[in-house]
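Predicted model only: the values in this text are computed from it and were never measured.
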Amino acid sequence: LVFYDHRNDMALIKINTPNKENVNFIGKPAKIFEMSLKDKNSLQRLSKYKNFYAFGHYTTGSGFLFPLELGPFRTFTNMLPEGYFLDSPMGVLQGSIQQGFSGGPLFSPKGEVAGMVTLGGALNTYVVTTETISAFLEDAMAKLELDSKGKPAVSVSPDPLSPEEK
């Protein structure tokens, strides 16, 4: 665990590559479905798609990744079921997820990341917006002193040699 935001229940973890099974985690950045809660057209742009797609592991499954179709996109809210109030608004989609989908991406029909699935209710699914995810990553980079590529932004000079090492 590298960084955690308890308000939005998001964590940044470090994955060593290659891992102990010699698997390399190399990928291209995902295309982001740009949205901003300050932009009045964001909800309208989200509403143009009838369906979105989430992927997850069912807890009773055999480890396969399952797709789930959700939608349409309904609204943004700060209020979750049972009266929980959030600092950052979440997106609400029609359709319910099961355990194992939380933390996974929500994709538009064009393959753009439209959010992160977080909670399923009886009729709706709640997603962390890309705006909140971007703010979380910017905060993590600032606190960890990383540049835009995830490398240390502050150069670290080596310790001077001790008399024994000279």
Side-chain angles (χ1 to χ4, degrees), residues 1-49 52-57 63 65 67-68 70 73 75-78 80 84-93 97 100-120 125-166:
L1 181 65
V2 176
F3 186 72
Y4 180 69
D5 175 358
H6 70 279
R7 292 182 330 271
N8 294 300
D9 194 26
M10 290 192 292
L12 182 63
I13 59 172
K14 179 180 179 181
I15 298 175
N16 293 321
T17 185
N19 65 9
K20 62 183 177 183
E21 285 86 25
N22 206 29
V23 174
N24 281 309
F25 295 96
I26 300 173
K28 295 186 251 179
K31 291 181 182 177
I32 304 297
F33 186 92
E34 294 293 333
M35 71 171 135
S36 170
L37 300 178
K38 296 172 190 146
D39 176 8
K40 303 257 187 256
N41 296 322
S42 286
L43 185 56
Q44 185 178 9
R45 283 187 287 134
L46 284 167
S47 299
K48 75 178 180 179
Y49 297 126
F52 289 82
Y53 303 92
F55 295 87
H57 295 275
L65 193 63
L68 181 64
L70 300 167
F73 200 95
T75 190
F76 295 103
T77 185
N78 283 64
L80 292 180
Y84 292 108
F85 188 76
L86 304 169
D87 291 341
S88 301
M90 299 186 92
V92 182
L93 286 100
I97 59 167
F101 282 80
S102 300
L106 179 74
F107 290 104
S108 76
K110 291 186 175 183
E112 305 155 307
V113 175
M116 180 177 67
V117 176
T118 187
L119 175 69
T125 293
Y126 297 84
V127 297
V128 177
T129 65
T130 55
E131 184 177 40
T132 300
I133 295 168
S134 293
F136 165 76
L137 292 173
E138 289 172 12
D139 193 29
M141 289 171 46
K143 287 191 171 61
L144 298 170
E145 297 181 344
L146 302 175
D147 65 16
S148 62
K149 294 183 180 182
K151 303 291 181 196
V154 180
S155 62
V156 179
S157 58
D159 293 331
L161 295 175
S162 67
E164 296 83 30
E165 295 173 310
K166 290 184 180 178

Margin query: Restricting to non-hydrogen atoms, name the atom on Ala30 and the atom on Val113 that form the minimum distance, rounded to 0.1 Å.
Written below: CB-CG2, 3.6 Å
Item checked: Among Val127, Val117, Thr125, Leu106, side chain to side chain contact (heavy atoms under 4.5 Å, CB included) partner for Phe52 -> Leu106
Next item on the list: Please examine the side chains of Tyr53 and Pro67, heavy atoms only from C-beta on, and report whether any two atoms are closer than 4.5 Å.
Entry: no
Next item on the list: With sequence neighbours excluded, tell me which residues meet ring-ring contact (aromatic ring centres under 6.0 Å, His included) with Phe55.
Entry: Phe107
Notebook entry, point to check: Roughly how far, to the nearest 0.5 Å, is OG1 of Thr130 from CE of Met116?
Noted result: 11.5 Å
Next item on the list: Tell me, please, which residues at least two apart from Ala11 pass side-chain contact (heavy atoms from CB on, under 4.5 Å).
Entry: Leu1, Tyr4
Next item on the list: Please identify each residue that fulfils salt bridge (charged side-chain N to carboxylate O under 4.0 Å, His left out) with Lys20, with sequence neighbours left out.
Entry: none
Item checked: Lys110 side chain reached by Phe33 side chain, heavy atoms, under 4.5 Å -> no
Notebook entry, point to check: Does the side chain of Thr132 come within less than 4.5 Å of Met10's, by heavy atoms?
Noted result: yes
Note to self: For Leu146, give me all partners under side-chain contact (heavy atoms from CB on, under 4.5 Å), at least two apart in sequence or on another chain.
What the structure shows: Met141, Leu144
Check: Mind checking what makes ring-ring contact (aromatic ring centres under 6.0 Å, His included) contact with Phe136, not counting sequence neighbours?
Finding: Phe3
Next item on the list: Drop me the distance from Thr118's OG1 to Ile97's CD1, to the nearest 0.5 angstrom.
Entry: 7.5 Å
Note to self: For Ser108, give me all partners under side-chain hydrogen bond (donor to acceptor under 3.5 Å, both in side chains), at least two apart in sequence or on another chain.
What the structure shows: Glu112
